[in-house]
Amino acid sequence: MALYDFKCLDCGESFEALVRNSNSPVCPGCQSQNLEQLISMFAVSSETTRQSNLKVARKQNAKGQRDKAIADHEELHHHHD
């Protein structure tokens, strides 16, 4: 068994699939078997990569919280008008 990265040539979706022996994966989006196997990057786990990933996740979370606060504010004012 191995985990591979694929791109569907029909709908363009990229995904990972666990491939066992001779099983052919299918696209989870359109069920096509017209796939391109992508070159997988290996994972490196170190204090530096963990800190970098944590920094990116915190930045994305902060943006999501700001967007939600703005949407809540707009909804509150729109609802009262």
Side-chain angles (χ1 to χ4, degrees):
M1 285 191 298
L3 187 63
Y4 294 104
D5 293 323
F6 292 94
K7 180 174 182 176
C8 179
L9 298 176
D10 289 339
C11 73
E13 183 168 344
S14 295
F15 62 96
E16 291 181 330
L18 186 61
V19 180
R20 299 178 187 167
N21 301 330
S22 63
N23 290 2
S24 296
V26 296
C27 174
C30 69
Q31 305 304 310
S32 172
Q33 288 186 319
N34 187 16
L35 308 174
E36 174 185 16
Q37 184 176 337
L38 303 174
I39 297 173
S40 300
M41 300 299 291
F42 61 90
V44 175
S45 181
S46 69
E47 186 61 29
T48 304
T49 57
R50 282 191 292 276
Q51 290 299 322
S52 177
N53 291 339
L54 184 59
K55 184 178 179 181
V56 170
R58 285 181 177 156
K59 187 175 182 179
Q60 290 173 340
N61 187 38
K63 182 185 181 318
Q65 288 177 344
R66 280 193 308 273
D67 291 347
K68 184 181 181 325
I70 291 169
D72 290 347
H73 179 75
E74 289 175 352
E75 177 65 26
L76 181 64
H77 287 291
H78 182 275
H79 185 66
H80 283 197
D81 291 342

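Everything numeric in this text was worked out from a predicted model, so none of it was measured. If you read the sequence from its start, that first residue is 1, and numbering goes on from there.
By the salt bridge (charged side-chain N to carboxylate O under 4.0 Å, His left out) test, Arg58 is found to be paired with no residue, residues two or more places apart in sequence or in another chain being considered. Residues satisfying the side-chain hydrogen bond (donor to acceptor under 3.5 Å, both in side chains) test with Asn23, not counting sequence neighbours, are none. Shown here are the salt bridge (charged side-chain N to carboxylate O under 4.0 Å, His left out) partners of Glu47, two or more places apart in sequence or in another chain: Arg50.
With rounding to the nearest 0.5 Å, the separation of CZ in Arg66 from CG in Asn61 is 10.0 Å. Atom-to-atom distance recorded for Leu38:CG and Phe15:CZ is 9.0 Å, nearest 0.5 angstrom. Annotation: the span from Ser24 atom OG to Phe6 atom CZ amounts to 8.5 Å, rounded to 0.5 Å. One distance of note links NE2 of His77 with CG of Asp72; it measures 11.0 Å at 0.5 Å rounding. The distance from the CG atom of Leu54 to the OG1 atom of Thr49 is 11.0 Å, given to the nearest 0.5 Å.
Side chains of Asp10 and Cys27 form no contact here, defined as non-hydrogen atoms less than 4.5 Å apart.
Listed here is the closest heavy atom pair of Gln37 and Tyr4: NE2-CD2, 2.8 Å. Residue Gly29 comes nearest to Glu13 through the heavy atom pair CA-OE1, 3.2 Å, listed as atom of the first residue, atom of the second, then distance.
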